[in-house]
Amino acid sequence: MRVRNALLASTAGSAAILFQLGLAVPAQAQSAAALAGKVSSAAEPVMEGVVVSAKKDGSTITVSVVTDDKGQFSFPAARLEPGHYTLSARAVGYDLDGTKAADVTAGQVATADIKLKPTRNLSGQLTNAEWMMSMPGTDAQKSFLLGCNSCHTIERIVRSTHDADEFSQIFQRMGGYYPGSTPRKPQRLVGDQLRAVGNADKSAAEYLATINLSQHDTWNYPLKTLPRLTGKSTHVIITEYDLPNPLIEPHDVMLDRQGTVWYSDFGQMFLGKMDAKTGKVTQYPIPETKKGFPVGTLNLEFDRDDNPWVGVMYQGSIAKFDKKTEKFQTWSTPKEWDTNMDQLGHLALTGTPVDNKVWIKNSDGGNIYRLDLTDNKFEDLGSFKDPRSGKRIGTYGLHSDQANNIYLLDFAAGNIVKVDAKTKLPTVYLTPTPNSRPRRGRVDAEGRLWFAEYGGNAIGMFDPKTEKISEWKVPTPWSAPYDAEAGRNGEAWTGSMLTDRVARLDIKSGQYTEYPLPHSTNIRRVFIDDSKSPGTLWVGNNHSASIVKVEPLD
């Protein structure tokens with residue numbers, strides 16, 4: 001009873017202080033606030049939709065909230081422990097007017113009003129999507145750039161001074177790099193074969209030379225920005241966890257049944273584990289199965305025993321981690337099938353308990369394998385073809401259902417392919433948007449396949465009962481969703497490598513709520529913790545070595 005009375009007194013005291021300061025008492029503050037204030041500027045006395053971040057000295061964890069329609073923000077006491085915090089704010093077109101900090105004390109509300117001033121470097125604040133919006137040209141011309149932002153920002157291209165001939169040489173060079181390369185850690189492929197780099201042709205090179213600084217000292221087009229998000233989009237708490245090495249690329253982030261966070265590293269041979277409460281990270285070295293070849297992992301999955309598996313890319317293998325023994329078991333492409341471009345990035349485990357078989361995709365040729373765990377033998381089903389065009393299905397994401405049938409998402413066109421596990425026969429379904437470039441995704445608890453439409457700017461869903469595909473267009477242009485997943489609470493989520501936003505879909509109403517992120521965030525896999533409602537989104541920031549948790553408040 002004493003504890004309850006103390007909590008009530010703390011809550012009442014916090015609310016009273018906020019009221020005396022002339023600040024509204026938002027929902028999260030009503031359960032006791034640790035830090036509150038208001039954001040304003042000379043041009044905008046009230047600034048809604050500004051992301052305010054607080055990071056304690058010496059901590060690896062940053063907590064962020066968003067200002068409401070009165071320009072006010074509030075950090076719940078449960079999210080900021082006592083200590084000295086550095087504050088920052090993100091609002092395109094503005095910079096912080098001087099440094100800002102606050103001291104948080106238990107049982108009290110610290111206050112900190114934040115002033116912003118016009119930025120002197122707007123180009124340095126633009127997201128990839130805003131660069132795409134700003135540059136002249138058709139959508140067809142710009143879409144080439146959707147093959148570039150996996151490794152680096154669009155800003156890197158528009159700030160360059162390359163002419164068309166030099167861009168043509170760059171296309172050739174880029175095709176020789178591992179897809180998990182970054183400017184910090186480029187990795188060359190083995191051999192002379194090159195990866196396709198978008199529609200890299202002369203016309204693309206000529207177009208890029210018109211939007212960079214090869215002909216002008218500055219850009220000859222106005223820089224456009226997206227308006228700040230408002231309303232329900234401000235009802236959110238975002239937590240960022242710094243990873244211990246700046247070279248870590250957390251491509252896929254997932255939680256196991258105990259709530260432990262796991263991630264695959266796109267550029268290094270580690271499987272990572274993180275404690276969501278403390279941010280403590282443990283890295284487990286993955287054995288190299290092809291010495292001298294590029295390193296890094298992509299797809300992360302959990303089996304029925306809650307053990308993580310990863311696709312080990314150009315090492316030509318997949319790996320299972322036994323959490324009890326903390327040892328890896330690996331399976332490699334049979335030697336007679338192996339090539340320098342062998343790439344096992346994707347695998348599917350959902351239906352494995354039915355027949356003890358794991359589905360795997362080899363990006364070299366698009367071949368689909370089945371691994372029988374009974375005798376550890378591989379079966380090659382070959383590459384499937386689009387019956388309408390005769391072209392190979394460009395699989396980027398494969399998912400099994402409860403019967404261990406497999407879905408292939410055709411990133412090269414607009415096809416969803418279902419392969420029957422017993423007959424091995426494919427059935428092809430077309431997305432409503434032509435050439436929508438479906439990728440990644442997940443089969444939900446109802447057996448429906450959810451996926452991202454990278455070229456269709458949408459979330460897609462295939463219902464096997466009706467054999468129909470539904471689409472929901474994401475509100476922000478050039479979101480180019482990478483992945484999509486639906487939870488048990490009637491919501492689906494997607495993320496972007498371009499917008500620094502995440503989007504939450506109310507499936508029943510078809511309405512989206514987007515949430516702004518505190519920093520430039522290159523998102524690949526999305527994972528929903530739907531153990532409570534609303535669900536919590538987990539993503540990796542693939543270019544900034546951090547893991548991000550997004551918690552809607554309603």
Side-chain angles (χ1 to χ4, degrees), residues 146 150 251-254 264 298-302 309 311 345-351 359-361 363 366 368 384 393-419 426-433 435-474 479-488 490-497 502-505 507 512 523-530 535 537-540:
L146 295 180
S150 174
H251 194 285
D252 282 21
V253 175
M254 294 183 71
S264 60
L298 196 152
N299 193 188
L300 170 65
E301 300 289 343
F302 284 93
W309 295 54
H346 297 262
L347 63 153
L349 297 170
T350 299
W359 291 95
I360 308 166
K361 185 206 78 169
S363 293
I368 304 301
F384 293 88
I393 298 296
T395 304
Y396 197 86
L398 74 168
H399 302 287
S400 53
D401 61 18
Q402 293 297 330
N404 215 15
N405 302 308
I406 192 72
Y407 288 104
L408 314 179
L409 306 182
D410 189 358
F411 191 50
N415 301 306
I416 303 298
V417 183
K418 183 177 182 179
V419 181
T427 305
V428 180
Y429 304 90
L430 284 174
T431 58
T433 299
N435 298 315
S436 64
R437 305 187 70 193
R439 70 189 313 181
R440 294 309 298 267
R442 186 71 34 186
V443 174
D444 70 10
E446 298 179 35
R448 301 173 301 181
L449 173 69
W450 292 83
F451 53 91
E453 294 189 357
Y454 194 64
N457 214 57
I459 288 177
M461 184 270 284
F462 172 75
D463 188 336
K465 295 179 182 178
T466 63
E467 296 190 323
K468 300 293 185 183
I469 296 175
S470 302
E471 293 178 339
W472 294 266
K473 298 291 184 180
V474 181
S479 290
Y482 179 95
D483 186 21
E485 183 178 11
R488 297 177 185 270
E491 58 189 9
W493 287 82
T494 189
S496 172
M497 292 189 281
V502 293
R504 172 188 172 202
L505 171 69
I507 299 169
Y512 276 100
I523 296 171
R524 310 302 172 91
R525 172 76 170 273
V526 297
F527 177 83
I528 306 172
D529 176 6
D530 57 7
L537 180 74
W538 289 85
V539 298

Quick one: do Tyr512 and Ile459 satisfy side chain to side chain contact (heavy atoms under 4.5 Å, CB included)? Show the steps, please. CA-CA 11 Å; Tyr512 276 100; Ile459 288 177; 3.6 Å; yes

Indicate yes or no: at least one non-hydrogen side-chain atom of Pro481 is less than 4.5 angstrom from one of Val474. yes

Can you confirm whether Trp450 sits close enough to Ile507 that some side-chain heavy atom of one is under 4.5 Å from a side-chain heavy atom of the other? yes

Side-chain contact, heavy-atom cut-off 4.5 Å: His399 with Thr350? no

Once you round to the nearest 0.5 Å, how far does CZ of Arg437 lie from OH of Tyr482? 11.5 Å

Check Leu408 against Ile368 and note the closest heavy-atom contact, atom names and distance. CD2-CD1, 3.9 Å

For Pro438 against Gly414, the heavy-atom pair lying closest together: CD-CA, 3.9 Å

For side chain to side chain contact (heavy atoms under 4.5 Å, CB included), just list the numbers for Met254 and Ser264, CA-CA rounded to whole Å, side-chain angles, deciding distance to a tenth of an Å, and then say yes or no. CA-CA 9 Å; Met254 294 183 71; Ser264 60; over 6 Å; no

Minimum heavy-atom separation for Ser496 to Ser479, with atom names? OG-O, 2.6 Å

Decide yes or no for Leu537 and Arg504: does some side-chain heavy atom of the first lie under 4.5 Å from some side-chain heavy atom of the second? no

A side-chain contact here means heavy atoms from C-beta on lying under 4.5 Å apart; do Val539 and Val253 qualify? no

Please check if the number of heavy atoms outside Lys468 that lie under 6.0 Å from its NZ is greater than 12. no

Compute whether any side-chain donor of one residue and acceptor of the other, for Glu471 and Thr433, lie under 3.5 angstrom apart. yes

Run the numbers on Asp530 and Glu491 for side chain to side chain contact (heavy atoms under 4.5 Å, CB included), then give the verdict. CA-CA 9 Å; Asp530 57 7; Glu491 58 189 9; 5.6 Å; no

A side-chain contact here means heavy atoms from C-beta on lying under 4.5 Å apart; do Pro426 and Val419 qualify? yes

Interatomic spacing from OG1 in Thr395 to CG in Asp410 - rounded to 0.5 Å: 6.5 Å

Before giving the answer on side chain to side chain contact (heavy atoms under 4.5 Å, CB included), spell out for Tyr396 and His346 the whole-Å C-alpha distance, their side-chain angles and the decisive distance to 0.1 Å. CA-CA 8 Å; Tyr396 197 86; His346 297 262; 3.7 Å; yes

Rounded to the nearest 0.5 angstrom, the CG-CE distance for Leu449 and Met461 is 9.5 Å

Could you tell me the separation between the NE2 atom of His251 and the CG atom of Asp483, rounded to the nearest 0.5 Å? 9.5 Å

Please round to the nearest 0.5 Å and tell me the distance separating atom CD1 of Ile469 and atom OH of Tyr429. 9.0 Å

Minimum heavy-atom separation for Ile406 to Ala348, with atom names? CD1-CB, 3.7 Å

Pair Arg525 + Asp252, salt bridge at N-O below 4.0 Å: yes

Could you check whether any side-chain heavy atom of Asn404 comes within less than 4.5 Å of a side-chain heavy atom of Trp359, counting everything from C-beta outward? yes

Can you confirm whether Tyr407 sits close enough to Ile416 that some side-chain heavy atom of one is under 4.5 Å from a side-chain heavy atom of the other? yes

Under 3.5 Å: donor-acceptor pair, side chain of Ser436, backbone of Gly456: no

Would you say the side-chain atoms of Trp309 pair up with the backbone N or O of Asn299, donor to acceptor, closer than 3.5 Å? no

If you compare all heavy atoms of Ser400 against all heavy atoms of Gly351, which two are closest, and at what distance to 0.1 Å? OG-N, 3.0 Å

Got a donor-acceptor contact below 3.5 angstrom from the Asp401 side chain to the Ala403 backbone? yes

From Arg448 atom CZ to Arg442 atom CZ, the distance as rounded to the nearest 0.5 Å: 15.0 Å

